[in-house]
Amino acid sequence: MPIHHIHTFLVAPAKNVSAPEPIGGSSLNLSGKMFKLLEAVYDRSERECDIAISFNRDASGAQKNPCRDLLTEYVQNPTLDVGRRIAERLAAHTDKRPRMGLLFLIAGKEGNDHKVIISRFPADSGILAEQNEGKLNVEFLERIFMKSARAYKAVLYRNSSITSGFWQGFAIDKQMNEPDVDVSGYWIRDFLDSDFRTTGAAGTRRLAAACRVAARKVQNVDLKTEIAAAVTLAKGQRGQSTSVREFAARLGLSKGAQDAIFAEIQPHLLDEKFQFDAEEFGRQVAYRSIELDNGGILTAELSEFDSVFKSEATDKRGQTIRYTTEGKVIDDKIGKSLR
C-alpha cells in the first residue's frame, strides 16, 4: 500500500490574530470511507496537480526554506506533532477570506520515491433536518467539510532524496471560484513560500508574442479579428493562474484561432501554468493595426482602437469595411517602410 500515514488538522485563520485557537489534529485509519476519499485525492494528484511550483530560496540566495524544512522533516518522521507544525504555519498565513479549513497530510511511498500530498478542504455551513415521530428537528451547522469532495487545494511533492530533493512540486486549486481567494496568494506564495516555476512575466510574454505573430500570419480576416478581440479582452484575466491552452478556452476562441496561436509555441509549453500579468501583456501588444487592400493602414492603441476607428460593413457579405475617424493632426511622417 503506497499510503502509510494520514494526519488531519482543523485550521482556523490566525493571520494577525493575537491569540490564535489551538490546532486540533488526529491520525486517520487507512481504511473506511474517509480513507477512500483521500486515497482518490492521492491517486489523482499525479494527473491533476499541474501548476509547477518551486520553493523560494532565502534572502541571501542560499537553498534554505522554512516550509521545505517542515516538509522534509515530516517525510522523515510523519508524526502528529510534526504535522501540527505544518498546520500552524498554514494558520499563520491564512486570513478570514478563505475561512476555516481541514488540512490533510498524506504520506506514501512509490517505489524509491517518497510522496506527500498537502491538501486543504474548506469549511461550509448548512442545515441538518431530522424527522422523528412526525416532528422535524432543524439545526444550523457551521462546520461542514467536504460537502463537495472536488473543492479543495492541494500540492504534490515526490522525490527519492530527502536531503537534496523536494524543492519542486505541483499544485492544484479546485476552489478557483472562491471570491478574492487565489491559489497564487496565501496558499503558494505565503504558506508554501514558493512561486510558479514559469514567472508571470515570462509566461505572459510568450502568450502575447504568439497572439501577435498569429494575428499577422493568418490570412483569414475573421480569424485576425477574432484574435484581436481576444487580445482586447485579455485584461480580464488579470492575476489569474492560466496556461496558453486555458487562456484560449476561457475566451472561447475557435479551433482555427487556437491552432494559429498554438502553432507559435512549443507543444510542451501550451499547458505550462503561469500567473497572467495584464501590464506585461499590454506592453507586448500595445497597438493594433489593420491593413486594407487599398493600401491604407490604420493603427491605434489596442484598448482604444474600436473607439478611434468606427467601422461599417458596406457589402452584404461584410468583407468590405468603411472605417471613419476624426481628430487633429499632431504628426505627419514619411518613411521607406510601411511598418
Side-chain angles (χ1 to χ4, degrees), residues 1-9 11 25 27-28 30 35 38-93 103-120 152-173 183-184 186-200 202-203 241 243 266 268-269 271-275:
M1 181 184 298
I3 297 177
H4 52 73
H5 285 86
I6 300 179
H7 295 105
T8 184
F9 304 89
V11 180
S27 300
L28 296 186
L30 303 184
F35 173 73
L38 294 172
E39 185 181 39
V41 172
Y42 180 92
D43 290 341
R44 293 196 307 263
S45 62
E46 306 275 356
R47 181 177 69 256
E48 291 187 341
C49 293
D50 58 356
I51 303 174
I53 63 173
S54 60
F55 284 115
N56 297 319
R57 298 182 178 219
D58 68 13
S60 69
Q63 278 195 309
K64 185 73 174 174
N65 183 287
C67 190
R68 179 187 175 273
D69 291 345
L70 285 175
L71 172 67
T72 54
E73 184 179 356
Y74 182 78
V75 173
Q76 292 177 300
N77 184 28
T79 65
L80 194 64
D81 288 340
V82 177
R84 183 177 283 108
R85 297 213 301 275
I86 295 176
E88 289 170 348
R89 179 179 173 84
L90 174 60
H93 289 91
L103 179 70
F104 291 94
L105 304 177
I106 310 172
K109 195 82 186 290
E110 301 285 348
N112 293 325
D113 287 352
H114 303 279
K115 179 177 174 179
V116 177
I117 307 295
I118 303 175
S119 184
R120 178 191 181 276
Y152 61 90
K153 285 176 168 59
V155 61
L156 157 70
Y157 295 99
R158 177 172 175 170
N159 206 281
S160 59
S161 173
I162 297 175
T163 55
S164 61
F166 288 94
W167 277 97
Q168 298 181 341
F170 292 89
I172 186 175
D173 187 2
V183 67
S184 63
Y186 84 97
W187 180 250
I188 290 180
R189 293 210 167 98
D190 297 339
F191 164 53
L192 296 173
D193 191 10
S194 301
D195 210 337
F196 295 111
R197 272 187 251 168
T198 297
T199 66
S241 169
S243 67
Q266 296 180 39
H268 72 279
L269 296 176
D271 295 302
E272 192 167 85
K273 295 279 191 173
F274 58 92
Q275 186 176 21

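Everything numeric in this text was worked out from a predicted model, so none of it was measured. Note that these values count all heavy atoms, side chains included, but never hydrogens, waters or copies made by symmetry.
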Let me confirm one number: the CG-CZ distance from Leu28 to Phe104, rounded to the nearest 0.5 Å. 6.0 Å
Atom CG in Leu156, atom CZ in Arg44: separation rounded to 0.5 Å? 13.0 Å
Keeping to residues at least two apart or across chains, list the ring pair (Phe, Tyr, Trp, His ring centres under 6.0 Å) pairs with something in residues 47-76. His7-Tyr74, Phe55-Tyr157
Minimal non-hydrogen separation, His93 against Arg89, with atom names: ND1-O, 3.0 Å
Ser45 and Lys115: CA distance, side-chain angles, deciding distance, side-chain contact (heavy atoms from CB on, under 4.5 Å) verdict: CA-CA 10 Å; Ser45 62; Lys115 179 177 174 179; 3.3 Å; yes
State whether the side chain of Arg197 and the backbone N or O of Gly169 hold a donor-acceptor pair below 3.5 Å, judged by distance alone. yes
Residue pair Val82 / Leu70: nearest heavy atoms and the distance that separates them: CG1-O, 4.3 Å
Kindly give the heavy-atom pair with the smallest separation between Leu38 and Ile106, and that separation in Å. O-CD1, 3.8 Å
Shortest non-hydrogen separation from Phe274 to Thr199 and the atoms involved: CB-O, 3.9 Å
Side-chain contact, heavy-atom cut-off 4.5 Å: Arg158 with Phe170? no
Heavy-atom side-chain contact between Pro78 and His4 under 4.5 Å: yes
Are the side chains of Glu272 and Ser243 in contact, using a 4.5 Å heavy-atom criterion? no
Pair Phe191, Ile86 - check side-chain contact (heavy atoms from CB on, under 4.5 Å), show working. CA-CA 9 Å; Phe191 164 53; Ile86 295 176; 3.9 Å; yes
Drop me the distance from Leu192's CG to Cys67's SG, to the nearest 0.5 angstrom. 5.0 Å
Trp167 and Asn65: CA distance, side-chain angles, deciding distance, side-chain contact (heavy atoms from CB on, under 4.5 Å) verdict: CA-CA 9 Å; Trp167 277 97; Asn65 183 287; 4.1 Å; yes
Would you give the length of the straight line joining atom CZ of Arg84 to atom CG of Leu103, rounded to the nearest 0.5 angstrom? 11.5 Å
Work out which heavy atom in Phe9 is nearest to a heavy atom in Gly83; give both atom names and the distance. CZ-C, 3.4 Å
Side-chain contact test, heavy atoms from C-beta onward, threshold under 4.5 Å: evaluate it for Arg120 versus Val11 and give yes or no. no
Heavy-atom pair of closest approach, residues Ile51 and Ser241: CD1-OG, 3.7 Å
Under the salt bridge (Lys or Arg N to Asp or Glu O under 4.0 Å) definition, can you give me all pairs with a residue in residues 52-68, not counting sequence neighbours? Lys64-Asp69
Would you say the side-chain atoms of Arg189 pair up with the backbone N or O of Asp195, donor to acceptor, closer than 3.5 Å? no
Atom pair CG (Asn56) and CG (Asp193), whose distance is rounded to the nearest 0.5 Å: 5.0 Å
As an exercise, state the distance from CZ of Arg85 to CG of Leu71, rounded to the nearest 0.5 Å. 12.5 Å
Tell me whether the NZ or CZ atom of Lys273 lies within the 45° cone about the ring axis of Phe196 and under 6.0 Å from its centre. no
Go through the structure and list residues passing salt bridge (charged side-chain N to carboxylate O under 4.0 Å, His left out) with Asp43, not counting sequence neighbours. none
Kindly indicate, with the supporting measurements, whether the criterion side-chain contact (heavy atoms from CB on, under 4.5 Å) is fulfilled by Ile6 and Tyr42. CA-CA 11 Å; Ile6 300 179; Tyr42 180 92; over 6 Å; no
